[in-house]
Amino acid sequence: MIIALSVISKFSISMSFAILLLYTSELLPTVIRGMAIGIAAFLGDSTNFFVEYLLLMSRDHPAAPLVVVGAMSTLAGILFFFLPETLNKSLPCTIEDGENIRYAPKMPPPKPKKHSSDPDRRPLVVEDG
């Protein structure tokens with residue numbers, strides 16, 4: 001049980017840190033993006049202050065730190081599903097755009113590139129003269 005919880009916790013923590021910078025930069029408006037990413041990184045790194053308390057908890061209950069970290073990671077994963085989708089949406093530039101990101105219009109899908117077999121694409125012919 002302890003090994004399973006530790007693997008789930010490690011996976012969840014690694015996934016959270018990998019997504020933090022990418023998703024945060026897409027979700028926040030340009031005018032506050034740098035400051036907000038710094039705050040998010042600080043909050044993510046500030047969890048190191050609580051490691052000592054988790055180690056003290058492990059004296060009495062060996063599985064307590066794993067349960068605490070696993071529960072917090074699971075809660076973060078569940079809350080992630082309530083964030084707005086940013087696929088094919090333009091990034092917000094102002095605070096108002098950031099507040100209305102759920103209602104932002106979708107960007108048109110990219111046009112496919114023409115291949116050399118297309119009849120509209122003619123080879124370049126250089127005439128000698």
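- Contact between Cys93 and Asp97 at its shortest, heavy atoms only, is N-OD2, 3.4 Å.
- Membership of the apolar cluster around Val7 extends to Ile3, as traced through chained side-chain contacts below 4.5 Å between ILVMFWY residues.
- Met57 CE: more than 12 foreign heavy atoms inside a 6.0 Å radius.
- Clustering of Ile, Leu, Val, Met, Phe, Trp and Tyr side chains at separations under 4.5 Å places Val51 together with Leu55.
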Scan the side chains in residues 25-40 for donor-acceptor partners under 3.5 Å anywhere in the protein, sequence neighbours excluded, and list what turns up.
residue, atom, partner, partner atom, Å
Ser25, OG, Leu21, O, 3.2
Ser25, OG, Leu22, O, 2.8
Glu26, OE1, Thr86, OG1, 2.6
Thr30, OG1, Pro92, O, 3.2
Arg33, NE, Ser25, O, 2.9
Arg33, NE, Leu28, O, 3.2
Arg33, NH2, Leu28, O, 2.8
Arg33, NH2, Pro92, O, 3.3

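- If you run side-chain contact (heavy atoms from CB on, under 4.5 Å) between Pro65 and each of Leu56, Leu5, Ile2, Leu54, only Leu54 comes through.
- For the residue pair Pro62 and Asp60, the shortest heavy atom distance occurs at CD-O, 3.9 Å.
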